[in-house]
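Because only heavy atoms are used, hydrogens play no part in the values below, and waters and symmetry mates are left out as well, while side chains stay in. Throughout, protein chains are lettered first and strands after them, A, B, ... in sequence-line order, and every chain is numbered starting at 1.
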Number of protein chains: 2
Amino acid sequence: MERMTRQRRAIEEAFAQAARPLSPAEILTIAVRAVPALGLSTVYRTLRAMEDAGVIVAVQLPGEPPRYERAGVAGAHHHHFHCRACDKVFDVRGCPGGLQRMLPRGFVLEDHSIVLEGRCADCRHAV
Amino acid sequence: MERMTRQRRAIEEAFAQAARPLSPAEILTIAVRAVPALGLSTVYRTLRAMEDAGVIVAVQLPGEPPRYERAGVAGAHHHHFHCRACDKVFDVRGCPGGLQRMLPRGFVLEDHSIVLEGRCADCRHAV
DNA sequence: ATGCTAATGGGAATGGATTCCCAATGTCAA
DNA sequence: TTGACATTGGGAATCCATTCCCATTAGCAT
């Protein structure tokens, strides 16, 4: 990625506006408003380049294809909330301690992830 | 699943012996010792039937294909440990509270999952 | 403005997990 | 023991996410 193109600008803009982890499909949906001809190939290609460059990081959730978010946000340790109604993922701050205590004897803890499931504010009363 | 076959018995036996969540491939590896001709189709078919019957539940980890474990084990609230060296998954008991406090305003918490990553006792010193 | 070439788009191809298909096999009620 | 039919095995087919291919388009250094 040596050149700044309209499509790349649109993708970066999508991350800036959403302020939450986005799937490739979500990114396409948002960025296509700025660049109607935008193709899914370009989204994937750009995401990979951005990830390699450390600009974004993958957010893996159980049983879900990966989302991506800006590395800056991920810089601070945080976790995620997955809305079961709209399928969107949100960042949540904070982290309960005491995980070390859950560890079986002899196991070494290197990292952890917590995923909260439920309904986001918008889907609070949705079916 | 109306009939008790050798292959189904071997699969149930695999769960009983392993006492940890197993992937379809792991189940095949273990159960094929009792039934050499066992096919992967049968493993998948049986897993689905067992899941539908509520005998086992799927264990979803971030970025991983599902494992399965007996529902009895899952009856008690617990979480999982994923060994980065051998890729095995283990149950861990306990759960830190305070997750409610991480929730953004207006969000409703329905469930959560915690995945610990690191090295199991066996891989403690592995490369 | 020009030219080199990186980047695009979209349809085809890939890869891994899972399901389907169906002739052969094995279970179990009678 | 027998027969109806549930179950099996394994190769083909499907599914979905992602990547590849390549002719066309368009940054950007000069």
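If you measure from atom CD of A:Glu51 to atom P of D:dT18, you get 11 Å, rounded to the nearest angstrom. A straight line from CD of B:Glu64 to P of C:dT18 spans 12 Å, rounded to a whole angstrom. With rounding to whole Å, B:Met4 atom CE is found 15 Å from D:dT8 atom C1'. Here the C1' atom of nucleotide C:dT18 and the CD atom of B:Glu26 are 17 Å apart, to the nearest Å. Separating the CZ atom of B:Arg9 from the C1' atom of C:dC28 is a distance of 13 Å, rounded to the nearest angstrom.
B:Tyr44 has a side-chain polar atom (N or O) that falls below the 4.0 Å cut-off from OP1 or OP2 of C:dT18.
Judged as a salt bridge (Lys or Arg N to Asp or Glu O under 4.0 Å), and not counting sequence neighbours, the contacts of B:Asp111 are A:Arg84.
Residues B:Pro65 and B:Arg48 each lie close to DNA chain C; by heavy-atom proximity, the contact nearer the 5' end of the strand is made by B:Pro65.
The side chain to side chain donor-acceptor pair (under 3.5 Å) test with B:Asp91 singles out one residue from B:His80, B:Arg20, B:His79, and that residue is B:His80.
The aromatic rings of A:Phe107 and B:Phe90 sit perpendicular, their planes meeting at an angle over 60°, well past the 30° parallel limit.
Residue contacts for A:Pro36: at a heavy-atom cut-off of 4.0 Å it reaches no nucleic acid atom on any strand shown.
Annotation: B:His77 is in aromatic contact with B:His112 [ring centroid separation under 6.0 Å].
At least one side-chain heavy atom of B:Glu69 sits less than 4.5 Å from a side-chain heavy atom of B:His78.
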Derivation and outcome, side chain to side chain donor-acceptor pair (under 3.5 Å), residues B:His82 and B:Asp87: CA-CA 6 Å; B:His82 177 222; B:Asp87 205 39; 2.7 Å; yes

Per-nucleotide protein contact string for nucleotides 4-15 of chain C (B base, S sugar-phosphate only, - none; heavy atom under 4.0 Å): -BBSBBBB----

